[in-house]
Amino acid sequence: MVSVEERIRQLKKEKNAVILAHNYTSPEIQDLADHVGDSLGLSIAAANTAADIIVFCGVSFMGETAKILSPDKTVLLPEPDAHCAMAAMCTGEQLKEFKESNPDTVIVGYVNSTAESKKEMDICCTSSNAIKVVESVRGKDVLLVPDVNLGAYVSFKTGIDVILWDGFCPVHHGITAAQVRGLKQKHPDAFVMAHPECRAEVLALADYVGSTESMLEASKASEEKEFIILTEVGMRYRMEKENPGKVFHFPEHAVCTTMKMASPESVLLSLEKGIGEVVLSEDIINGARTPVMKMISLR
Ligand code: 13P
Ligand code: SF4
């Protein structure tokens with residue numbers, strides 16, 4: 001009998017499909033994927049692929065971003081109900097209202113946002129290029145949505161007075177300074193890396209701050225042998241696989257359940273039956289395209 005994985009490989013060839021997976025997805029999904037990475041890397045892969053079908057294993061804003069960048073391609077989300085909790089914390093309507101009363105303020109939008117809100121943004125960013133993006137609009141009033149922690153971190157690093165929104169990632173915001181101090185006490189020699197979605201007091205305890213992919217690259221380049229990684233636990237898979245002999249500790253409660261929803265079975269169903277196709281109106285695609293294109297041009 002043909003295994004689920006084998007059937008997926010056959011269908012990918014037959015239909016000229018590519019599988020993109022975020023660093024937080026399960027190991028089985030990462031093993032099946034053609035490209036595993038952070039939000040910026042996956043957006044670039046989606047923009048550049050020659051495939052006709054993009055199967056996106058991650059959360060819905062990622063599939064939407066792929067569709068905005070490649071409107072002529074079919075984008076499939078094997079788990080269409082896998083949403084990012086933070087993306088829901090800033091709506092297009094709220095941004096429209098903000099623009100009415102603050103017409104000269106540049107709206108920088110974290111890619112972890114809905115397509116409706118991207119349409120209202122001036123420029124998008126990911127955790128790996130947020131500093132560059134905000135630097136690019138230095139001298140103007142800037143609002144960064146929806147992540148209060150990313151906004152505060154970028155403001156701290158650039159010295160630019162960024163207006164903050166009150167959104168947050170429940171997974172990263174849930175990591176407390178007391179927990180980090182506990183981890184450091186248990187592993188006193190560990191080098192500490194953190195995602196910028198963590199609270200400021202947590203970032204203050206870290207030796208390195210960066211996106212999921214940049215933490216991975218930094219761990220590979222480092223002479224250190226032991227790390228505390230303050231992000232979602234799915235990152236452990238690549239960290240260990242690509243760093244043989246090094247040891248990684250995570251805050252084990254930091255689990256993003258929606259990032260874990262895609263399974264080989266749901267990928268197969270999606271490829272077979274076209275389940276989870278991302279459909280966006282022309283109006284939204286056209287409105288969101290410029291801010292998203294600006295994002296991928298600023299690496
Ligand atoms: P990265 O862009 O760093 O992969 O982060 C995406 C994300 O959702 C973090 O919670
Ligand atoms: Fe959204 Fe947080 Fe999950 Fe990332 S980890 S997808 S920011 S809820």
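Both ligands and their constituent atoms are indexed starting at 1 by order of listing.
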Residue pair [X] / [Y], side-chain donor-acceptor N/O under 3.5 Å:
X	Y	result
E197	Y110	yes
S219	S222	no
N129	R299	no
E79	S266	yes
S60	H83	yes
H172	E232	no
S211	D38	yes

- Item | Contact check: N23 vs ligand 1, nitrogen or oxygen atoms, below 3.5 angstrom |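 It does not: no N or O of N23 is found under 3.5 Å from an N or O of ligand 1.
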Distance from [atom] to nearest protein heavy atom, with residue and atom:
atom	value
atom 6 (C) of ligand 1	S39 OG, 3.4 Å
atom 8 (O) of ligand 1	N112 ND2, 3.1 Å
atom 10 (O) of ligand 1	E197 OE1, 2.9 Å
atom 5 (O) of ligand 1	H195 NE2, 3.3 Å

- Under 4.5 Å between any side-chain heavy atoms of T126 and N112, yes or no?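 Contact flag for T126/N112 side chains = no.
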- Task: Could you name all protein N, O or S atoms found under 2.8 Å from atom 2 (Fe) of ligand 2?
- Result: C169 SG
- Check whether any heavy atom of E232 sits under 4.0 Å from an atom of ligand 1.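 Distance cut 4.0 Å: E232 fails for ligand 1.
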- Are S127 and ligand 1 in contact, using a heavy-atom cut-off of under 4.0 Å?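 The answer is yes, since S127 has a heavy atom less than 4.0 Å from ligand 1.
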- Could you see which bit of H172 sits under 4.0 Å from ligand 1, with heavy atoms only: side chain, backbone, both or neither? side chain
- Query: Where on T126 is there a heavy atom closer than 4.0 Å to ligand 1, on the side chain, on the backbone, on both, or on neither?
  - Reply: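 Answer for T126: neither.
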Any atoms of ligand 1 less than 4.0 Å from a non-hydrogen atom of [X]? List them with their elements.
X	answer
H22	1 (P), 4 (O), 5 (O), 6 (C)
S211	3 (O)
D38	1 (P), 2 (O), 4 (O)

- Examine ligand 2 and decide if any of its atoms is less than 4.0 Å from a heavy atom belonging to F61.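 F61: no contact with ligand 2 (<4.0 Å).
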- Task: Would you please name every residue forming a ring pair (Phe, Tyr, Trp, His ring centres under 6.0 Å) with Y24, sequence neighbours left out?
- Result: H22
- Sequence neighbours left out, what passes ring pair (Phe, Tyr, Trp, His ring centres under 6.0 Å) with F98? Give chain and number order. none
- Pairing of R138 and E135 as salt bridge, 4.0 angstrom limit: yes
- Query: Can you name the side chain to side chain donor-acceptor pair (under 3.5 Å) partners of S270, sequence neighbours left out?
  - Reply: none
